[in-house]
Amino acid sequence: MLVSTWNVNSVRARLPRLVQWLESAKPDVVCLQELKCVDEQFPREEIEALGYQIAAYGQKTYNGVAILSKRRFDDVFYGMRSDPPDSDRRVIGAQIGDVFVVSVYVVNGQEVGSPKYAYKLDWMNRLRDELRTRYDFNEKVIVAGDFNVTFDDRDVHDPKAWHEKILCSTPERERLSALVDLGLADSFRKFHADGGHYTWWDFRTRGFQRGMGLRIDHILMSPAALDACGDVWIDKEARDGEKPSDHAPVLARLEP
DNA sequence: ATGGTGGATTTTCCA
């Protein structure tokens with residue numbers, strides 16, 4: 001089973017690239033982030049035509065997450081059970097056979113010290129609570145998405161320039177580690193110990209063309225899922241070419 | 001150097 005995550009930065013703007021990628025990569029499960037449209041606008045027919053079931057949780061203009069699956073969903077949940085409920089649509093989860101899959105789009109946070117940064121840290125606390133109370137981590141649990149946080153400086157093209165900056169600050173990394181402490185490993189690191197592997201490059205600085213990226217998209221796995229995982233890789237080609245997203249997809253192969 | 005590009009929606013927000 002091939003499980004993947006991709007922040008598409010508008011599913012409608014990315015539709016031709018997404019269709020092309022689904023046809024070539026042939027993932028069984030896809031966690032999408034930043035749909036940037038309501039569910040009525042989701043290009044359902046084009047994706048169903050490729051043999052996927054769709055569970056979407058979108059909103060106007062911002063955020064929005066979905067899960068695509070070749071196999072039918074046994075169960076789906078929409079959003080966190082926090083009080084008050086999340087004002088943004090950033091989390092969706094589904095049971096697909098014996099695997100529990102969550103697609104997450106973590107708050108960006110704008111800048112360290114800003115109100116949005118404080119919100120990000122609180123939101124990540126709430127995500128931890130949601131996952132902790134929802135799942136039995138003896139099962140196969142996969143939490144994939146745009147976490148908007150690097151694990152350590154191996155995930156950063158220029159650690160000096162990014163030191164304690166947004167996406168790289170210690171409080172953000174502590175909260176990402178707190179998710180790992182639930183029993184959710186960074187699956188990419190099972191196969192790649194070296195740095196220099198990135199999933200996001202800023203449009204504004206033409207980061208992709210200059211090799212200036214960060215690894216902020218992750219596939220976290222419970223021990224049973226990680227045991228079944230034979231490889232994890234970043235599809236950099238999907239970040240190249242005409243009208244790309246600013247993120248590359250991450251893929252993981254699991255033995256049945 | 002607080003820019004730059006890209007998306008959605010709109011003369012601006014967000015990333």
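Convention: sequence-line order gives letters A, B, ...; per-chain numbering from 1.
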A:Q41 CD to B:dA8 P, straight-line distance once rounded to whole Å: 9 Å
Rounded to whole Å, how long is the line connecting atom CG of A:N9 with atom C1' of B:dC13? 13 Å
Can you tell if the side chain of A:T5 reaches within under 4.5 Å of the side chain of A:S103, non-hydrogen atoms only? no
For A:E45, does the CD atom sit with more than 12 other heavy atoms under 6.0 Å from it, leaving out its own atoms? no
Between A:K36 and A:Q110, which has a closest nucleotide on DNA chain B that is more 5'? A:K36
For B:dG3 versus B:dA8, give the span between their P atoms, rounded off to a whole number of Å. 24 Å
C1' spacing across the pair B:dA1 / B:dT11, given as an integer number of angstrom: 26 Å
What's the CG-P distance between A:N63 and B:dA15, to the nearest Å? 7 Å
Separation of atom NZ in A:K60 from atom P in B:dG7, rounded to whole Å: 19 Å
Among A:D217, A:L35, A:L32, which one satisfies side chain to side chain contact (heavy atoms under 4.5 Å, CB included) with A:N7? A:D217
Roughly, in whole Å, what's the span from NZ in A:K120 to C1' in B:dC14? 14 Å
Rounded to whole angstrom, note down the P distance from B:dT9 over to B:dG4. 24 Å
Transitive ILVMFWY cluster of A:F208, excluding itself - 4.5 Å side-chain cut-off: A:Y198, A:W201
Under 4.0 Å, heavy atoms only, any strand: does A:Y105 hit a base, just the sugar-phosphate, or nothing? sugar-phosphate
Please report the distance, rounded to the nearest Å, between CD in A:E111 and P in B:dC13. 16 Å
DNA chain B: 5'-proximal contact among A:L35 and A:D146 (nearest heavy atom): A:L35
A:Y119 atom OH is separated from B:dC14 atom P, nearest whole Å, by 12 Å
Give each protein N/O atom lying under 3.5 Å from an N/O atom of nucleotides 3-5 of chain B, with the pair distance.
| residue | atom | partner | partner atom | Å |
| --- | --- | --- | --- | --- |
| B:dT5 | O4' | A:F203 | O | 3.4 |

Could you go through residues 69-76 of chain A and list every donor-acceptor pair under 3.5 Å that involves a side-chain atom there, pairing it with any protein atom two or more places apart or in another chain?
| residue | atom | partner | partner atom | Å |
| --- | --- | --- | --- | --- |
| A:S69 | OG | A:R71 | N | 3.1 |
| A:S69 | OG | A:R71 | O | 2.5 |
| A:K70 | NZ | A:L50 | O | 3.3 |
| A:R72 | NH1 | A:D74 | OD1 | 2.9 |
| A:R72 | NH2 | A:D74 | OD1 | 3.3 |
| A:D74 | OD2 | A:G97 | N | 2.7 |

Rounding to an integer number of angstrom, what distance separates B:dT2 and B:dA15 when you compare their C1' atoms? 15 Å
Scan side-chain atoms only and decide if A:R89 and A:N63 contain a donor-acceptor pair under the 3.5 Å cut-off. no
Remaining members of hydrophobic cluster (4.5 Å side-chain criterion), A:M212: none
Near-ring test A:H218/A:F188, centroid separation under 6.0 angstrom: no
Among side-chain atoms of A:K36 and A:N9, is any donor-acceptor pair under 3.5 angstrom? yes
Whole Å only: how far is the CG atom of A:N7 from the P atom of B:dG7? 12 Å
With no hydrogens and no angle check, do the side chains of A:T133 and A:R81 hold a donor and an acceptor under 3.5 Å apart? yes
Going by number, which of residues 236-250 of chain A have a non-hydrogen atom under 4.0 Å from DNA chain B? A:K243
Just by distance, with hydrogens left out, do A:D86 and A:W123 show a side-chain donor and acceptor under 3.5 Å apart? yes
Give the nucleotide from the list B:dA15, B:dT9, B:dG6 with an atom nearest to the side chain of A:R90. B:dA15
What closest approach, in Å, do A:I166 and A:Q110 show between heavy atoms, and which atom pair accounts for it? CG2-O, 3.6 Å
In numerical order, the residues of residues 12-21 of chain A whose heavy atoms come under 4.0 Å of DNA chain B are A:R12, A:A13, A:R14
